[in-house]
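Down below is the structure, laid out as structure tokens.
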Amino acid sequence: MNVGFLVLLLAVLLSVMIAILFYRIYSSIANKTEEEAILARERLLNRKFSNYSMQRKFDEMKLFISNYGVPYILGHNITPRGYIAFKLIFASIVALIAYLLLGTGVANIAISLLVGFVAYLIFDTLIKSNNDKDNDDMFEDIKAIYQTMIIQSTAGVFISDSLMECYRQVRNKRLKNALKDLTNTIITKHDVEGALTVFSVKFKNQYIDSLVTTIEQSLRSGQSVKLLEDISKQLSDVEHAMHVKQQSAMDTKVTIIQVLILMMVVVMLLYGVFISIKGSIGVF
């Protein structure tokens with residue numbers, strides 16, 4: 001077996017073992033991801049901690065992990081160290097696949113390691129892209145939540161019962177799971193504001209933030225119907241903008257398909273002309 005491959009395989013296995021070790025140690029002693037994110041957000045807003053670069057980096061990562069749904073994707077409570085561990089595993093696997101595709105040689109090993117390093121760097125981008133997709137998928141559910149809350153608030157239904165009805169209606173699994181935790185916490189701990197804070201930190205979504213703010217304001221002022229109606233109108237405007245965006249994307253796809261078809265026709269015509277010229281030359 002090639003020595004270079006053994007070295008790369010050993011490096012991958014070592015990275016995986018270190019990653020698993022980090023994850024097991026720190027996941028066992030850590031608080032819940034959302035609780036850590038809430039504390040991190042408070043520290044980031046506190047100017048006293050602005051100069052502590054290492055602490056700030058960890059707090060930013062805690063908030064990123066919770067906001068962008070990393071615990072939901074991985075199915076575990078996860079710390080920054082655990083997240084780095086998963087990134088290392090991902091990068092190691094990508095590097096190994098690159099090496100297997102490229103083959104042996106010092107240059108290929110260097111390229112494989114470079115590919116793994118790039119994979120490590122773009123892992124955050126993949127997480128953000130997945131969150132953007134979730135936000136698009138959740139939009140209709142969020143709009144339905146506002147409409148349900150308006151109806152329930154008008155009827156004088158208690159907030160926990162309204163949220164339970166919202167839980168039954170939503171389809172997006174990530175949002176449904178968060179609503180389930182929210183209603184369970186409200187019912188068991190009777191802490192609506194605390195439960196809402198945990199709920200909001202699970203997402204990077206302005207409409208969920210608006211929903212949480214609306215509910216918190218309604219608890220203080222009792223004017224929930226008016227606030228919900230105002231934001232529901234904003235959602236309608238954004239929905240129109242999204243439809244325009246989707247139509248634009250569809251038009252772009254149609255244009256690309258038309259260009260490809262035109263290119264195929266041109267290539268076929270050129271090929272026919274080439275064959276005709278070649279046949280004419282052969283006759284002479």
Side-chain angles (χ1 to χ4, degrees), residues 32-39 41-42 45 63 65-73 75 77 130-246:
K32 287 186 177 181
T33 302
E34 294 78 20
E35 294 173 357
E36 289 289 331
I38 293 168
L39 293 173
R41 184 170 62 183
E42 292 175 355
L45 293 172
L63 201 55
I65 289 169
S66 182
N67 283 166
Y68 286 90
V70 177
Y72 176 77
I73 296 171
N77 178 40
N130 184 78
N131 185 71
D132 290 340
K133 182 180 179 300
D134 281 345
N135 285 341
D136 290 341
D137 292 341
M138 286 189 290
F139 184 79
E140 291 297 331
D141 283 335
I142 295 171
K143 185 178 179 182
I145 289 173
Y146 278 109
Q147 293 169 342
T148 301
M149 294 292 291
I150 291 171
I151 295 170
Q152 297 284 326
S153 298
T154 304
V157 179
F158 189 64
I159 184 69
S160 60
D161 296 326
S162 299
L163 291 171
M164 182 62 72
E165 182 61 30
C166 294
Y167 164 75
R168 295 191 187 98
Q169 291 187 13
V170 299
R171 296 182 179 181
N172 181 272
K173 291 183 179 179
R174 179 180 169 190
L175 182 57
K176 196 176 187 71
N177 186 63
L179 278 171
K180 181 180 179 181
D181 292 341
L182 172 63
T183 53
N184 286 341
T185 302
I186 292 174
I187 293 170
T188 56
K189 296 184 178 181
H190 306 288
D191 182 10
V192 179
E193 291 194 10
L196 287 170
T197 302
V198 173
F199 175 74
S200 65
V201 84
K202 291 181 179 181
F203 300 94
K204 187 70 173 179
N205 186 300
Q206 66 184 93
Y207 304 115
I208 289 179
D209 291 339
S210 297
L211 174 65
V212 170
T213 302
T214 299
I215 296 174
E216 289 176 341
Q217 290 177 352
S218 69
L219 290 172
R220 298 188 188 102
S221 65
Q223 298 179 349
S224 58
V225 176
K226 184 179 183 303
L227 291 168
L228 286 165
E229 285 177 345
D230 291 341
I231 297 180
S232 183
K233 291 176 182 177
Q234 295 177 20
L235 281 172
S236 296
D237 294 338
V238 176
E239 185 180 36
H240 175 70
M242 287 187 65
H243 286 160
V244 172
K245 180 180 178 182
Q246 291 171 354

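It should be emphasised that the depicted structure is a prediction, and the values quoted were computed from it without experimental measurement. When a residue number appears, it is its place in the shown sequence, counting from 1.
- Taking the charged nitrogens against the carboxylate oxygens, Lys143 and Glu140 have no contact shorter than 4.0 Å, which rules out a salt bridge.
- Between the side chain of Lys176 and the backbone N or O of Val170 there is at least one donor-acceptor pair closer than 3.5 Å.
- Looking at Ser66, its side chain does come within 3.5 Å of a backbone N or O of Val201 through a donor-acceptor pair.
- Residues Pro71 and Ile65 come closest through the heavy atom pair CD-O, 3.2 Å.
- If you take CG on Leu163 and CD on Glu165, they are separated by 10.5 Å, rounding to the nearest 0.5 Å.
- Without hydrogens or angle criteria, Tyr146 side chain to Leu211 main chain gives a donor-acceptor distance under 3.5 Å.
- Interatomic distance, CG of Asn172 versus CZ of Phe139, reported as 13.5 Å (0.5 Å rounding).
- Side chain of Asp191 to backbone of Ile186: no donor-acceptor contact under 3.5 angstrom is found.
- Contact check for Leu175 versus Phe199: side-chain heavy atoms found under the 4.5 Å cut-off.
- Across every non-hydrogen atom of Met149 and Ser162, the tightest pair is SD-CB, 3.7 Å.
- A distance of 11.5 Å separates OG1 in Thr213 from CD1 in Ile208, rounded to the nearest 0.5 Å.
- When all heavy atoms of Thr183 and Met164 are compared, the closest pair comes out as CG2-N, 3.7 Å.
- Shown here are the salt bridge (Lys or Arg N to Asp or Glu O under 4.0 Å) partners of Asp181, two or more places apart in sequence or in another chain: Lys202.
- Tyr167 OH to Leu182 CG: the interatomic distance, rounded to the nearest 0.5 Å, is 12.0 Å.
- Atom NZ of Lys173 and atom CG of Asp134 lie 12.0 Å apart (nearest 0.5 Å).
- Among Asn135, Asn131, Asp137, the single residue meeting the side chain to side chain donor-acceptor pair (under 3.5 Å) criterion with Lys133 is Asp137.
- The heavy-atom pair separating Glu193 from Glu216 by the smallest distance is O-OE2, 4.3 Å.
- Arg174 CZ to Phe203 CZ: the interatomic distance, rounded to the nearest 0.5 Å, is 5.5 Å.
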